[in-house]
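Below: one structure, written as structure tokens.
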Amino acid sequence: MSKENLLIIFTKNPVLGKVKTRLAKGVGDKKALEIYKFLLKHTKDVTSKLKVSKQVYYAWNIAENDIWDNGGFQKRLQVEGDLGEKMEAAFKAGFDEGYKKIVIIGSDLYDLDTTELENALEELEAHDYVIGPAEDGGYYLLGMKSLNSALFINKAWSTSSVFEQSLQDMQEGTYIALPLKNDIDTLEDIKDHPAFQKIINNDR
């Protein structure tokens, strides 16, 4: 496995009442957890095929005997702090370990496939940064070739300003923006999406 490329996946432990809380307002805690587990499996499936180093960063504790045991994933724990501090620490650890190109994603994007992740890493051959804008004004993917700490400070995380603010922090280098995609945060995001109909409409 090459030490050139690293994919970091941020994930929350699938605990009832602690994941997809905004989605839970529309479908209830139980279905929100079921949907999150569905998204975790999808993320694992599309990333397992990547021929790069992969690290899964858990939010609360490193789980054993879960879906990340197979597929070549190293397990890590997110540091304390806000999302920016957590991501910066993960990037810094990756660069300290000798990786040259690092991309980070979350685990709540259904419309992401293996080829797009491969392409994101390839874009770092020609650009300093790669970023995938989300419809809510944030981003679903961020990649870079050296640590730029400005990307992780002075941000109102989970607001519509994050993507535009991040572009400002990349101005001294070159960057490419990927296609716009939709993170799954609320019932509105999935109510018309065929992949989620079975879970939403199941009355168990």
Side-chain angles (χ1 to χ4, degrees), residues 3 5-24 29 32-33 35-48 50 52-110 112 117 120-121 129-132 134 136-159 162-163 165-166 169 181 183-185:
K3 282 288 278 189
N5 298 333
L6 172 64
L7 176 70
I8 295 171
I9 304 161
F10 263 33
T11 184
K12 290 184 177 177
N13 304 67
V15 177
L16 185 68
K18 283 196 163 189
V19 295
K20 292 286 152 219
T21 51
R22 287 163 61 197
L23 176 62
D29 285 343
L33 177 60
I35 289 165
Y36 189 61
K37 286 180 176 179
F38 176 73
L39 288 167
L40 285 179
K41 183 181 183 304
H42 173 77
T43 304
K44 190 248 183 179
D45 289 346
V46 299
T47 55
S48 291
L50 287 170
V52 301
S53 297
K54 292 163 289 207
Q55 297 174 351
V56 176
Y57 272 80
Y58 293 82
W60 300 304
N61 61 278
I62 296 176
E64 296 179 6
N65 303 316
D66 67 355
I67 65 168
W68 304 105
D69 285 354
N70 302 307
F73 299 92
Q74 305 169 43
K75 296 184 176 185
R76 303 290 174 88
L77 189 63
Q78 297 171 28
V79 303
E80 294 292 325
D82 66 19
L83 180 59
E85 291 167 317
K86 291 172 185 288
M87 289 196 293
E88 181 181 21
F91 269 100
K92 184 177 186 304
F95 286 124
D96 286 349
E97 289 167 27
Y99 291 102
K100 306 298 184 192
K101 296 182 291 183
I102 302 178
V103 164
I104 192 169
I105 61 170
S107 46
D108 54 2
L109 190 73
Y110 185 74
L112 190 65
L117 290 170
L121 284 160
Y129 307 98
V130 59
I131 188 167
D136 62 6
Y139 54 79
Y140 60 85
L141 179 151
L142 177 67
M144 65 185 84
K145 292 192 285 196
S146 62
L147 185 64
N148 178 358
S149 294
L151 282 159
F152 305 112
I153 58 174
N154 302 321
K155 302 288 185 300
W157 299 107
S158 301
T159 68
V162 172
F163 175 71
Q165 288 177 332
S166 299
D169 296 326
K181 291 185 181 291
D183 279 338
I184 292 168
D185 293 313

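Heavy-atom basis, side chains included; hydrogens, waters and symmetry copies ignored. On a predicted model such as this, the values are computed, not experimentally measured, just so you know.
The shortest distance between side-chain heavy atoms of I8 and Y99 does not fall below 4.5 Å. Using a 4.5 Å heavy-atom threshold, the side chains of F73 and K44 count as touching. Side-chain contact between V56 and T47 is absent, with no heavy-atom pair separated by less than 4.5 Å. By the 4.5 Å heavy-atom criterion applied to side chains, S166 and L142 are not counted as neighbours. For the pair L40/K12, no side-chain contact is recorded, criterion being any heavy-atom separation below 4.5 Å from C-beta on.
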Item to check | Criterion side-chain contact (heavy atoms from CB on, under 4.5 Å) on L117 and L141, from CA distance to verdict | outcome: CA-CA 9 Å; L117 290 170; L141 179 151; 3.8 Å; yes
Next on the checklist: Is there a side-chain contact (heavy atoms from CB on, under 4.5 Å) between L39 and Y110? Walk through the geometry before answering.
Outcome noted: CA-CA 6 Å; L39 288 167; Y110 185 74; 4.0 Å; yes
Checklist entry - Which is it for V52 and V103 under the side-chain contact (heavy atoms from CB on, under 4.5 Å) test, yes or no, and what are the steps along the way? => result CA-CA 11 Å; V52 301; V103 164; over 6 Å; no
Checklist entry - Checking side-chain contact (heavy atoms from CB on, under 4.5 Å) for the pair F91/L151: CA distance, chi angles, key distance, verdict? => result CA-CA 11 Å; F91 269 100; L151 282 159; over 6 Å; no
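Judged purely by atom type and a 3.5 angstrom limit, Q78 uses its side chain to pair as donor or acceptor with the backbone of Y57. Not a single donor-acceptor pair under 3.5 Å links the side chain of E88 to the backbone N or O of E85. A donor-acceptor contact shorter than 3.5 Å links the side chain of N148 to the backbone of A150. With hydrogens and angles disregarded, no donor-acceptor distance shorter than 3.5 Å links the side chain of K54 to the backbone of G72. Listed for the K20 side chain is a donor-acceptor partner under 3.5 Å among the backbone atoms of I184. The backbone N or O of V79 sits less than 3.5 Å from a side-chain atom of K86, completing a donor-acceptor pair.
Enclosure of atom NZ in K155 by more than 12 non-hydrogen atoms of other residues, nucleotides or ligands within 6.0 angstrom is indicated. Enclosure of atom NZ in K100 is not indicated, since only 12 or fewer non-hydrogen atoms of other residues, nucleotides or ligands lie within 6.0 angstrom.
Considering all non-hydrogen atoms of both residues, I9 and S107 come closest at CG2-CB, 4.5 Å. Heavy atoms only, all atoms of each residue included: G84 and F152 are closest at O-CB, 3.4 Å. Heavy atoms only, all atoms of each residue included: H42 and L109 are closest at CD2-O, 3.6 Å. Taking each heavy atom of D29 and A24 in turn, the nearest pair found is OD1-CB, 3.3 Å. Shown here for V15 and L33, the closest heavy-atom pair between the two residues is N-CD1, 3.8 Å. Nearest heavy atoms, D183 versus A134: OD2-CB, 3.9 Å.
Between K92 atom NZ and L147 atom CG the span is 8.0 Å, to the nearest 0.5 Å. Between the CD1 atom of I67 and the OG1 atom of T11 there is a distance of 7.0 Å, given to the nearest 0.5 Å. Atom CZ of F10 and atom CE of M87 lie 7.0 Å apart (nearest 0.5 Å). Between the CG atom of L50 and the CG atom of L121 there is a distance of 7.0 Å, given to the nearest 0.5 Å. Atoms CZ and CG, on F38 and D108 in that order, are 13.5 Å from each other to the nearest 0.5 Å. Note: Y36 OH to L16 CG = 14.0 Å, rounded to the nearest 0.5 Å.
Note that K18 lies in the cation-pi zone of W60, set by a 6.0 Å cut-off to the ring centre and a 45° limit from the axis.
Using a 4.0 Å cut-off between a side-chain N of Lys or Arg and a carboxylate O of Asp or Glu, E97 and R76 qualify as a salt bridge.
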